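This structure is a prediction, so every number in the text was calculated from the model and none was measured.
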Amino acid sequence: MPENGWPADRIDTESAHSARIYDYILGGKDYYPADKEAGDAMAREWPALPIHMRANRDFMNRAVRYLAEEAGIRQFLDIGTGIPTSPNLHEIAQRVAPESRVVYVDNDPIVLTLSQGLLASAPEGRTAYIEADFRDPDAILGSPEFRETLDLGRPVGLTVIAIVHFMLDEDDAVGIVRRLLQPLPSGSYLAMSIGTAEFAPEEVGRVAREYAARNMPMRLRTLPEAAEFFEGLDLVDPGIVQVHKWHPDGTGEQGIRDEDIAMYGAVARKP
């Protein structure tokens, strides 16, 4: 174990990791030199990358707040949680309703070792952490943490933020999301952000090549491809839009150009 307590035998410190690159660009501290090098290289290719990543995080905050405040959701399943960054999902939900319950899912050992920040629930609510891969939804749905934390007799908010662009066609990301939605009752919601190159194809294409060069190939989607995730669901207005245009609250969207954002976002209700 190194000084910070991370399980050194499970963490590849020599290779960049998408969650740690995200943490570095957002101004966090849980990254290694390889992640900084990758983040710097990507930002050189597309200087708007930090704006894009912050806008994605802000979308997550607004979507969760919407689900808690306006949709009355009190249970959440968060897939691809990433390195804890305050406010975390449970903090947003529990500010609205302290009894909210949240299950976090990730397969990065750093997220596991830092997960105490994700488990600091309000006493009225509960949080749990599952170490599992998005590509194995049955492991998530079959875990004791899922079964013991969430009541499937009540609606659940499923959040899949900034992860499916790392799923290639053979991974069947649409099928995985549908499998995760399957046991959730009517009145549940899906909130997603989905990577796209439609607004800055050259710049985002160069960033994608930087990821691919570090063994992180990407599958960026068009609007019709993004819409496949929401088939059979009732989209919340304004539908599928760039993340900075989804329910803007005036705190961070001013001055953001469309070409600075490479992520679609939407929230939809399961009938």
Contact between [X] and [Y] at the side-chain level, heavy atoms closer than 4.5 Å - yes or no?
{"X": "Tyr22", "Y": "Met53", "result": "yes"}
{"X": "Ile92", "Y": "Asn88", "result": "no"}
{"X": "Val164", "Y": "Met192", "result": "yes"}
{"X": "Leu26", "Y": "Arg54", "result": "yes"}
{"X": "Leu181", "Y": "Leu233", "result": "yes"}
{"X": "Asp78", "Y": "Val103", "result": "no"}
{"X": "Ser188", "Y": "Gln75", "result": "no"}
{"X": "Arg101", "Y": "Thr127", "result": "no"}

Where is the tightest heavy-atom contact between [X] and [Y], given as atom of each residue plus distance?
{"X": "Leu220", "Y": "Ala208", "value": "CD1-CB, 4.2 Å"}
{"X": "Trp46", "Y": "Ala262", "value": "CH2-CB, 3.7 Å"}
{"X": "Phe166", "Y": "Ser18", "value": "CZ-CB, 3.6 Å"}
{"X": "Glu145", "Y": "Ala128", "value": "CB-CB, 4.1 Å"}
{"X": "Ile194", "Y": "Phe229", "value": "CD1-CD1, 3.7 Å"}
{"X": "Ala38", "Y": "Ala16", "value": "CB-CB, 3.8 Å"}

When rounded to the nearest 0.5 angstrom, what is the spacing between [atom1] in [X] and [atom2] in [Y]?
{"X": "Met42", "Y": "His52", "atom1": "CE", "atom2": "NE2", "result": "11.0 Å"}
{"X": "Asp136", "Y": "Asn107", "atom1": "CG", "atom2": "CG", "result": "10.5 Å"}
{"X": "Ile161", "Y": "Phe59", "atom1": "CD1", "atom2": "CZ", "result": "5.0 Å"}
{"X": "Lys245", "Y": "Ile256", "atom1": "NZ", "atom2": "CD1", "result": "11.0 Å"}
{"X": "Tyr31", "Y": "Lys29", "atom1": "OH", "atom2": "NZ", "result": "10.5 Å"}
{"X": "Gln94", "Y": "Arg74", "atom1": "CD", "atom2": "CZ", "result": "11.0 Å"}

Heavy-atom count around [X] [atom1] within 6.0 Å, excluding the residue itself: above 12?
{"X": "Glu231", "atom1": "CD", "value": "yes"}
{"X": "Glu202", "atom1": "CD", "value": "no"}
{"X": "Asn215", "atom1": "CG", "value": "no"}

Check the hydrophobic clustering (I, L, V, M, F, W, Y; side-chain heavy atoms under 4.5 Å; chains of links allowed) and say if [X] and [Y] are grouped together.
{"X": "Ile261", "Y": "Val241", "result": "yes"}
{"X": "Leu180", "Y": "Leu152", "result": "yes"}
{"X": "Val96", "Y": "Leu89", "result": "no"}

Could you give me the CA-CA distance, side-chain angles and deciding distance for Arg135 and Glu170, then say whether salt bridge (Lys or Arg N to Asp or Glu O under 4.0 Å) is met?
CA-CA 11 Å; Arg135 289 166 290 197; Glu170 56 265 33; over 6 Å; no
Would you kindly say whether [X] and [Y] are connected by a side-chain donor-acceptor distance under 3.5 Å?
{"X": "Asp258", "Y": "His244", "value": "yes"}
{"X": "Tyr24", "Y": "Asp40", "value": "yes"}
{"X": "His90", "Y": "Tyr104", "value": "yes"}

Side chain [X], main chain [Y], donor-acceptor under 3.5 Å:
{"X": "Asp171", "Y": "Ala173", "result": "no"}
{"X": "Asp35", "Y": "His17", "result": "yes"}
{"X": "Thr149", "Y": "Phe146", "result": "no"}
{"X": "Asp106", "Y": "Gly82", "result": "yes"}
{"X": "Ser193", "Y": "Ala162", "result": "yes"}

Check [Y] with [X], please: is the shortest side-chain N to carboxylate O separation under 4.0 Å?
{"X": "Arg219", "Y": "Asp169", "answer": "yes"}
{"X": "Arg221", "Y": "Glu228", "answer": "no"}
{"X": "Asp249", "Y": "Arg65", "answer": "yes"}
{"X": "Glu69", "Y": "Arg95", "answer": "no"}

Would Phe134 and Val160 count as a side chain to side chain contact (heavy atoms under 4.5 Å, CB included) here? Give the steps.
CA-CA 9 Å; Phe134 171 75; Val160 185; 4.1 Å; yes
CA sep, side-chain torsions, deciding dist, call: Ile79, Leu158, side chain to side chain contact (heavy atoms under 4.5 Å, CB included):
CA-CA 8 Å; Ile79 307 295; Leu158 171 62; 3.7 Å; yes
Derivation and outcome, side chain to side chain contact (heavy atoms under 4.5 Å, CB included), residues Phe199 and Arg257
CA-CA 10 Å; Phe199 299 93; Arg257 306 174 305 161; over 6 Å; no
My understanding is that only residues two or more places apart in sequence, or in another chain, count here; which of them pass salt bridge (charged side-chain N to carboxylate O under 4.0 Å, His left out) with Glu45?
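For Glu45, the residues satisfying salt bridge (charged side-chain N to carboxylate O under 4.0 Å, His left out) (neighbours in sequence not counted) are Arg206.
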Just to verify, what does His165 make a ring-ring contact (aromatic ring centres under 6.0 Å, His included) with, not counting sequence neighbours?
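Residues passing ring-ring contact (aromatic ring centres under 6.0 Å, His included) with His165: none at all.
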Before giving the answer on side chain to side chain contact (heavy atoms under 4.5 Å, CB included), spell out for Asp138 and Arg179 the whole-Å C-alpha distance, their side-chain angles and the decisive distance to 0.1 Å.
CA-CA 8 Å; Asp138 289 335; Arg179 175 70 183 100; 2.8 Å; yes
Report the residues that fulfil side chain to side chain contact (heavy atoms under 4.5 Å, CB included) with Leu223, sequence neighbours left out, ordered by chain and then residue number.
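Checked Leu223 against side chain to side chain contact (heavy atoms under 4.5 Å, CB included); matches are Glu198, Ile240, Tyr264.
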